[in-house]
S.K.: 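Have a look at the structure that comes next, please.
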Amino acid sequence: MPLQQRIEEVDRRIKEACGRSGRSREEVNVIAVTKYVSLDTTLKALENGCAHLGENRWQDAQAKWEAVSGDNRQWAGPQPVWHFIGSLQTNKVKEVIGKFTYIHSLDRLSLAKEISRRAEKLGLTVPCFIQVNVSGEESKHGLAPESLHEFASELVSYSGLRPVGLMTMAPHSGDPETARPVFKRLREIQEELNEKAILPLPLTELSMGMSGDFEVAVEEGATWIRLGTILVGKEEE
Ligand SMILES: *Cc1c(COP(=O)(O)O)cnc(C)c1O
């Protein structure tokens with residue numbers, strides 16, 4: 001299916017999920033995850049109006065970032081907003097800050113410290129999602145829900161970043177319904193943090209939902225969905 005058609009199809013499914021859950025389409029932002037595709041496909045996604053791009057490894061993102069947003073860019077259209085969605089090594093923070101607007105994978109204080117330090121140097125405040133391992137799978141990154149209050153309360157010391165929401169990844173499975181309790185729980189955790197006013201500002205964002213489970217995520221309150229395969233596709237190396 002051509003890209004334009006896939007984008008329209010995904011949009012239609014988001015609208016339907018919004019309709020089922022009484023939400024407005026404007027509450028849901030789509031991040032086109034380009035980690036599996038070439039620069040060419042990334043440029044096509046931009047031409048087709050994708051305004052948010054997501055990558056999960058700096059090594060893989062660098063060439064695309066340079067071509068789209070670097071000083072010698074070959075993309076002349078409107079600049080996308082870049083989202084760093086993968087686990088972030090502390091020594092890669094210096095590459096990412098100033099290039100990626102959002103970081104979705106804040107999962108430890110040492111990372112918060114480095115993001116904040118690098119951001120302050122550039123005069124930036126980086127909006128971050130705290131990654132939560134709701135499902136408790138060992139393979140998943142993110143903080144255990146039990147340690148979130150303490151973690152969040154410590155973030156106030158890092159003025160170069162601003163926590164805006166929570167992010168999670170649901171377990172892989174053929175059935176999107178297995179993701180529902182995970183997404184529901186993430187929203188409850190967000191509400192608990194906000195009720196207790198653990199952070200100076202309430203968390204407004206939920207980054208959850210991928211190709212296999214985005215409709216369920218929208219029904220459960222996602223404000224950012226991260227779509228790779230279903231939207232821009234997956235190309236062989
Ligand atoms: C790869 C990736 C996605 C997109 O995955 P698809 O299933 O292809 O949509 C979303 N979020 C994260 C964190 C990823 O690493």
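Numbering of ligands and ligand atoms starts at 1, following listing order. Both backbone and side-chain heavy atoms feed into the values below; hydrogens, waters and symmetry mates do not.
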S.K.: What's the shortest distance from atom 9 (O) of ligand 1 to any protein heavy atom, and which residue and atom give it?
M.R.: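 I find the closest protein heavy atom is Ser211 OG, 2.5 Å.
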S.K.: Measuring from the heavy atoms of Tyr36, does anything fall under 4.0 Å of ligand 1?
M.R.: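 Per 4.0 Å heavy-atom rule, Tyr36 contacts ligand 1.
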S.K.: List the atom pairs, donor and acceptor, that lie under 3.5 Å between side-chain atoms in residues 142-156 and the rest of the protein, sequence neighbours left out.
M.R.:
residue: Ser147; atom: OG; partner: Ala144; partner atom: O; Å: 2.9
residue: Ser153; atom: OG; partner: His149; partner atom: O; Å: 3.2
residue: Ser153; atom: OG; partner: Glu150; partner atom: O; Å: 2.7

S.K.: Can you find an N/O atom of Gly228 closer than 3.5 Å to an N/O atom of ligand 1?
M.R.: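 It does: an N or O of Gly228 is found under 3.5 Å from an N or O of ligand 1.
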S.K.: Between the side chains of Asp40 and Lys44, is the shortest nitrogen-to-carboxylate-oxygen separation below 4.0 Å, so that they form an ion pair?
M.R.: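 No.
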S.K.: Who gets closest to atom 2 (C) of ligand 1 by heavy atom: Met210, Lys35, Met208?
M.R.: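 Heavy atom nearest to atom 2 (C) of ligand 1 belongs to Lys35.
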S.K.: With a cut-off of 6.0 Å (strictly less than), are more than 12 heavy atoms of other residues, nucleotides or ligands near NE2 of His141?
M.R.: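 For His141, atom NE2 is not crowded (no more than 12 foreign heavy atoms under 6.0 Å).
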S.K.: Checking Glu205 against Trp224: is there a side-chain donor and acceptor pair closer than 3.5 Å?
M.R.: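 Side-chain D/A pair, Trp224 to Glu205: present.
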S.K.: Nearest protein heavy-atom contact for atom 11 (N) of ligand 1: which residue, which atom, what distance?
M.R.: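 Looking only at protein heavy atoms, the one closest to atom 11 (N) of ligand 1 is Arg226 NE, 2.8 Å.
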S.K.: Could I get the full list of side chain to side chain contact (heavy atoms under 4.5 Å, CB included) partners for Arg20, not counting sequence neighbours?
M.R.: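 Listed in chain order: Glu16, Ala17, Glu215, Glu219.
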S.K.: Of all the heavy atoms in Leu227, does at least one lie under 4.0 Å from an atom in ligand 1?
M.R.: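 The answer is yes, since Leu227 has a heavy atom less than 4.0 Å from ligand 1.
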S.K.: At less than 4.0 angstrom from any non-hydrogen atom of Met169, what atoms of ligand 1 do you find?
M.R.: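 Checking each atom against Met169, I get 13 (C).
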S.K.: Assign the ring pair His83 / Tyr102 to parallel, tilted or perpendicular, where the plane angle (0 to 90°) is split at 30° and 60°.
M.R.: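 Taking Tyr102 first and then His83, their aromatic rings lie parallel (interplane angle under 30°).
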S.K.: Go through ligand 1 atom by atom and flag the ones less than 4.0 Å from a non-hydrogen atom of Asn56.
M.R.: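 The atoms of ligand 1 under 4.0 Å from a heavy atom of Asn56 are 15 (O).
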S.K.: Would you tell me which option among Ile85, Val232, Val33, Thr229 has the nearest heavy-atom contact to atom 13 (C) of ligand 1?
M.R.: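 Among Ile85, Val232, Val33, Thr229, the closest heavy atom to atom 13 (C) of ligand 1 belongs to Ile85.
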S.K.: At their closest point, which heavy atom of Ile85 faces which heavy atom of Arg226, and how far apart are they?
M.R.: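 So the minimum-distance heavy-atom pair works out to CG2-CD, 3.9 Å.
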